There are 2 protein chains.
Amino acid sequence: MAFHKKEEFTQKEQDLAAFAKAMSHPARIAILKILAQRNECICGEIVDVLPLAQSTVSQHLKELKNAGLINGTVEGPRSCYCINWKAFEKFSSEFNILFNHLKVKNEKACC
Amino acid sequence: MAFHKKEEFTQKEQDLAAFAKAMSHPARIAILKILAQRNECICGEIVDVLPLAQSTVSQHLKELKNAGLINGTVEGPRSCYCINWKAFEKFSSEFNILFNHLKVKNEKACC
DNA sequence: ATTCCTCATCGTATATTTGCGATATAAGAT
DNA sequence: ATCTTATATCGCAAATATACGATGAGGAAT
């Protein structure tokens with residue numbers, strides 16, 4: 001990957017960026033909402049709810065899974081996704097730490 | 001834009017996604033950190049600290065500005081950037097709301 | 001065994017992002 | 001007026017992301 005310089009930054013910066021990237025599409029945020037609203041993660045209704053083709057939704061699910069934000073078990077005909085709360089909270093708190101760290105230093109904007 | 005369907009989602013989903021997108025690159029997270037560490041927003045040393053060309057940094061700054069996360073005033077030879085705390089906290093709290101909303105419903109993962 | 005149903009994956013087209021060098025711009029210094 | 005310095009913008013190339021239709025794979029139902 002001679003073109004991308006992401007690996008030149010700290011691991012924390014990369015992790016945070018990867019998390020943000022996973023959430024950087026409205027479809028994926030919508031998917032997370034849907035997953036959270038079902039007590040049982042019987043999925044596939046996602047396709048009916050979203051204005052996207054089945055293959056596209058599948059792709060978004062894959063990305064969320066790769067980012068570690070959701071778990072998924074493929075069981076033959078139907079697969080089951082749900083939120084990985086552990087990772088989610090970890091990232092969520094890391095975000096807060098960043099926010100607070102930023103906030104502590106300088107509260108008044110100068111421009 | 002016959003190809004992108006982002007506008008088919010709710011405004012909140014789009015806003016959150018746009019915010020996440022602005023933070024979805026380690027360079028931009030690094031820039032936010034740097035901006036926060038200076039009490040006065042004398043900028044431009046950013047280029048020296050980051051492993052990126054000046055034009056690339058300028059581009060990242062522009063994106064952060066477009067997303068509303070930072071303010072910037074161009075004053076001829078040198079320009080001045082700093083964090084837009086208001087927008088930053090607004091988005092930050094919206095993220096937390098989403099996180100908490102998600103968390104309330106279902107605490108135990110089923111897969 | 002054949003037909004469905006649900007989902008993943010492949011191939012493809014288009015759009016966007018990332019990065020750099022070169023150039024432009026704008027103010028201060030000489 | 002010219003030079004310098006700091007930054008933005010342009011133009012380009014490579015890489016990624018987004019989206020879809022078509023196809024594959026794996027069970028369930030008949």
Side-chain angles (χ1 to χ4, degrees), chain A residues 1-9 13-14 17-31 34-35 38 40-67 70-82 111, chain B residues 1-9 13-14 17-18 20-31 34-35 38 41-67 70-82 111:
Chain A
M1 228 179 268
F3 215 76
H4 267 155
K5 298 204 150 182
K6 288 181 181 171
E7 60 281 350
E8 308 224 8
F9 296 90
E13 284 162 356
Q14 290 183 54
F19 173 71
K21 188 173 203 163
M23 314 243 333
S24 74
H25 196 288
R28 292 196 284 270
I29 289 186
I31 288 173
I34 293 168
L35 285 180
R38 321 273 166 176
E40 312 246 20
C41 55
I42 306 152
C43 310
E45 306 109 38
I46 300 174
V47 177
D48 300 330
V49 178
L50 297 188
L52 295 170
Q54 178 266 322
S55 58
T56 308
V57 171
S58 195
Q59 231 173 333
H60 281 306
L61 284 166
K62 192 180 172 190
E63 274 174 72
L64 285 171
K65 194 177 173 185
N66 284 344
I70 64 177
N71 295 118
T73 39
V74 187
E75 289 159 6
R78 67 190 59 218
S79 54
C80 162
Y81 286 104
C82 57
C111 56
Chain B
M1 229 178 270
F3 215 76
H4 267 153
K5 299 205 150 183
K6 287 182 182 172
E7 60 281 348
E8 308 223 8
F9 295 91
E13 285 163 356
Q14 290 183 54
K21 187 173 203 161
M23 314 243 333
S24 74
H25 195 288
R28 292 196 285 272
I29 290 187
I31 288 173
I34 293 168
L35 285 181
R38 321 275 167 175
C41 57
I42 307 153
C43 311
E45 307 107 41
I46 300 174
V47 177
D48 300 330
V49 178
L50 298 188
L52 295 170
Q54 178 265 322
S55 57
T56 308
V57 171
S58 195
Q59 232 173 332
H60 282 304
L61 284 167
K62 192 180 171 188
E63 275 173 73
L64 285 170
K65 195 177 171 185
N66 284 343
I70 62 176
N71 295 117
T73 40
V74 187
E75 288 159 7
R78 68 190 58 217
S79 54
C80 163
Y81 286 105
C82 58
C111 55

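Bear in mind that the values here come from a model prediction, so they are computed numbers and not experimental data.
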**Spacing of Tyr81(B) atom OH and Leu35(B) atom CG [to the nearest 0.5 Å]** = 9.5 Å
**Prompt:** Going through the checks in order, is the side-chain contact (heavy atoms from CB on, under 4.5 Å) test met by Ile34(B) and Val49(B)?
**Reply:** CA-CA 9 Å; Ile34(B) 293 168; Val49(B) 178; 4.0 Å; yes
**Prompt:** Is the shortest side-chain N/O distance from Tyr81(B) to OP1 or OP2 of dA8(D) below 4.0 Å?
**Reply:** yes
**Asked** Is Leu61(A) close to Lys65(A) at the side-chain level, that is, under 4.5 Å between some pair of heavy atoms?
**Response** no
**Length of the line joining His25(A):NE2 and dA17(D):P, which is rounded to integer Å** = 12 Å
**Prompt:** In whole Å, what is the span from the CG atom of Leu52(B) to the P atom of dT18(C)?
**Reply:** 11 Å
**Message:** Keeping Lys21(A) on the side-chain end and His25(B) on the backbone end, is there a donor-acceptor pair under 3.5 Å?
**Reply:** no
**Request:** Look at Thr56(A) and dC20(D) and indicate whether a side-chain polar atom (N or O) is within less than 4.0 Å of OP1 or OP2.
**Result:** yes
**Message:** Counting only side-chain nitrogens and oxygens, does Arg28(A) get under 4.0 Å of the OP1 or OP2 atom of dT18(D)?
**Reply:** yes
**Asked** Taking atom P of dG27(D) as reference, at what distance in whole Å does atom CZ of Arg78(A) sit?
**Response** 13 Å
**Asked** Do any of residues 57-66 of chain B sit with a heavy atom less than 4.0 Å from DNA chain C, and if so which?
**Response** Gln59(B), His60(B), Glu63(B)
Show each protein N/O and nucleotides 23-25 of chain D N/O combination with a separation under 3.5 Å, one pair to a line.
none

**N/O donor-acceptor pair under 3.5 Å between Arg28(A) side chain and Ala22(A) backbone** = yes
**Asked** Tell me, do Thr56(A) and Leu50(A) make a side-chain contact under 4.5 Å, heavy atoms counted?
**Response** no
**Check: Ser58(A) side chain, Ser55(A) main-chain N or O, donor-acceptor pair, under 3.5 Å** = no
**Request:** Give a yes/no on whether any side-chain N or O of Ser79(B) is located under 4.0 angstrom from OP1 or OP2 of dA8(D).
**Result:** yes
**Asked** Hey, which of these two, Pro51(A) or Lys21(A), hits DNA chain D nearer its 5' end, going by closest nucleotide?
**Response** Lys21(A)
**Asked** What distance do His60(B) atom NE2 and Ile31(B) atom CD1 have between them, rounded to the nearest 0.5 Å?
**Response** 6.0 Å
**Prompt:** Rounded to the Å, how far apart are Glu8(A) CD and dG19(C) C1'?
**Reply:** 12 Å
**Donor-acceptor contact present, side-chain Gln14(B) to main-chain Phe9(B), <3.5 Å** = yes
